[in-house]
Amino acid sequence: MLFRQLEYFVAVAREKHFARAAEACYVSQPALSIAIAKLERELNVTLINRGHNFEGLTPEGERLVVWAKRILAEHDAFKSEVAVMRSGITGTLRLGTGPTVSTTTGLPVAAFCAMHPLARVKVCSRLSSAELVRQLRDFELDAAIAHFGPEDRDGLEMVPLYEEQYVLLVSGDHLVPPSPTITWAEAAQLPLALLTPDMRFRQFIDDAFESCGAVATPQVETDSVASLCAHVATGAWASVVPHTWLSAMPMSGPTRAVRLVEPDARAQISMAIYAATPGSVAAREFLNVVAGLSLDEVFVPGRPDFSASPGTDEAGYDKQPVDVRVAS
């Protein structure tokens with residue numbers, strides 16, 4: 001059995017199409033089919049239901065694809081570890097985040113790259129928490145930063161990073177008069193632009209509205225952070241966003257943030273990697289770097305009250321740049 005045969009088989013299982021799998025593996029379709037047929041002969045089982053086209057995996061094929069992904073991931077991890085011993089961490093770290101959390105990844109990525117200048121990072125930032133968990137377990141991602149629930153922990157190692165709080169983002173004064181706070185019930189009455197319901201962040205927002213007996217019916221729903229900001233900037237809509245946006249995406253012009261109260265809703269942001277050892281060397285090192293940043297102190301300095309005060313912005317955050325260092 002060769003690693004190449006497993007790679008071809010996993011590609012067919014992923015693409016559900018022989019020609020697309022061959023294209024993804026940069027081989028001809030006959031070469032791919034021959035390699036998989038040889039794998040079936042070696043194992044003495046049928047792995048793929050074949051007709052005129054791909055018709056799904058057999059029960060044996062469903063089991064093998066799980067093992068094949070794990071074997072290939074361990075093979076890649078071994079090659080990475082050998083490379084690390086020779087020249088330090090190289091290659092690409094595949095990092096996944098949700099749309100709202102993507103605005104906070106700059107600090108940990110900068111710290112990781114500063115310590116490992118030969119490494120590269122690919123950030124996928126428009127994934128739901130469920131999709132992030134699936135890709136981690138299928139070895140399609142090395143690490144993820146997001147809202148994770150207890151049901152997501154199986155097979156993953158998680159480290160809490162910071163606690164997220166919520167603000168109402170508005171432009172101008174015609175929707176919300178100048179005030180340091182607004183209740184969730186009051187916010188529910190505004191014309192809203194929110195992220196789509198499949199996003200975990202949106203589910204936290206809906207829960208907060210429900211806890212005070214309110215129901216938010218957004219006029220606009222989007223899966224894009226940039227689109228959300230653009231809609232708020234028109235002045236026609238308000239939106240609920242994480243307080244961390246105030247550091248990562250400084251407000252300009254008439255745009256301002258108002259603290260949401262009653263209830264004081266918060267959510268935990270964590271980082272996750274695959275729990276099996278040895279696993280990805282780059283992922284383990286990234287986790288160590290991020291855990292040492294004390295992001296809870298960076299993004300929630302002294303648990304501010306969001307009210308304006310001298311030397312702070314309108315949401316109560318210090319305007320001075322934050323010096324982020326890795327804890328020794």
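Every value quoted in this text rests on a predicted model; they were computed, and no experiment measured them.
- Arg266 places no side-chain N or O within donor-acceptor distance of the main-chain N or O of Glu163, the cut-off being under 3.5 Å.
- The shortest non-hydrogen separation linking Ser270 to Gln268 is OG-CG, 3.7 Å.
- More than 12 heavy-atom neighbours from other residues, nucleotides or ligands sit within 6.0 angstrom of CD on Glu55.
- When all heavy atoms are compared, the tightest approach of Leu293 to Pro108 is CD1-CA, 3.5 Å.
- From Ile182, atom CD1 reaches atom CD of Gln189 across 10.0 Å, with rounding to the nearest 0.5 Å.
- Applying the 6.0 Å contact sphere to CZ of Arg50 captures more than 12 heavy atoms from other residues, nucleotides or ligands.
- In terms of heavy-atom proximity, Leu156 sits nearest to Tyr274 at CD2-CA, 4.1 Å.
- Remark: side-chain polar atoms of Gln165 are not paired, donor with acceptor, to backbone N or O of Pro242 under 3.5 angstrom.
- Between Ala143 and Ile273 the shortest heavy-atom distance is CB-CG2, 3.9 Å.
- The hydrophobic clustering, which links ILVMFWY residues whose side-chain heavy atoms are closer than 4.5 Å, places Val45 and Val12 together.
- In this structure Arg200 satisfies the side chain to side chain contact (heavy atoms under 4.5 Å, CB included) test together with Ser129, His147, Glu151, Asp152, Gln203, Phe204, sequence neighbours excluded.
- With respect to the salt-bridge test (charged N to carboxylate O, under 4.0 angstrom), the residues Glu140 and Arg14 do not qualify.
- No donor-acceptor contact under 3.5 angstrom links the side chains of Ser128 and Glu131, judged on distance only.
- Using a distance-only test at 3.5 Å, with no hydrogens or angles considered, no donor-acceptor pair links the side chain of Glu221 to the main chain of Thr196.
- Residues Val241 and Leu175 are members of one and the same hydrophobic cluster, defined by side-chain heavy-atom contacts under 4.5 angstrom among Ile, Leu, Val, Met, Phe, Trp and Tyr.
- Residues forming a side chain to side chain contact (heavy atoms under 4.5 Å, CB included) with Thr234 (at least two apart in sequence, or on another chain): Ala236, Trp237.
- We find that Glu60 and Arg63 are not joined by a salt bridge, their nearest charged nitrogen and carboxylate oxygen being 4.0 Å or further apart.
- Within 6.0 Å of atom CZ in Arg134, more than 12 heavy atoms from other residues, nucleotides or ligands are found, so the atom counts as buried in its surroundings.
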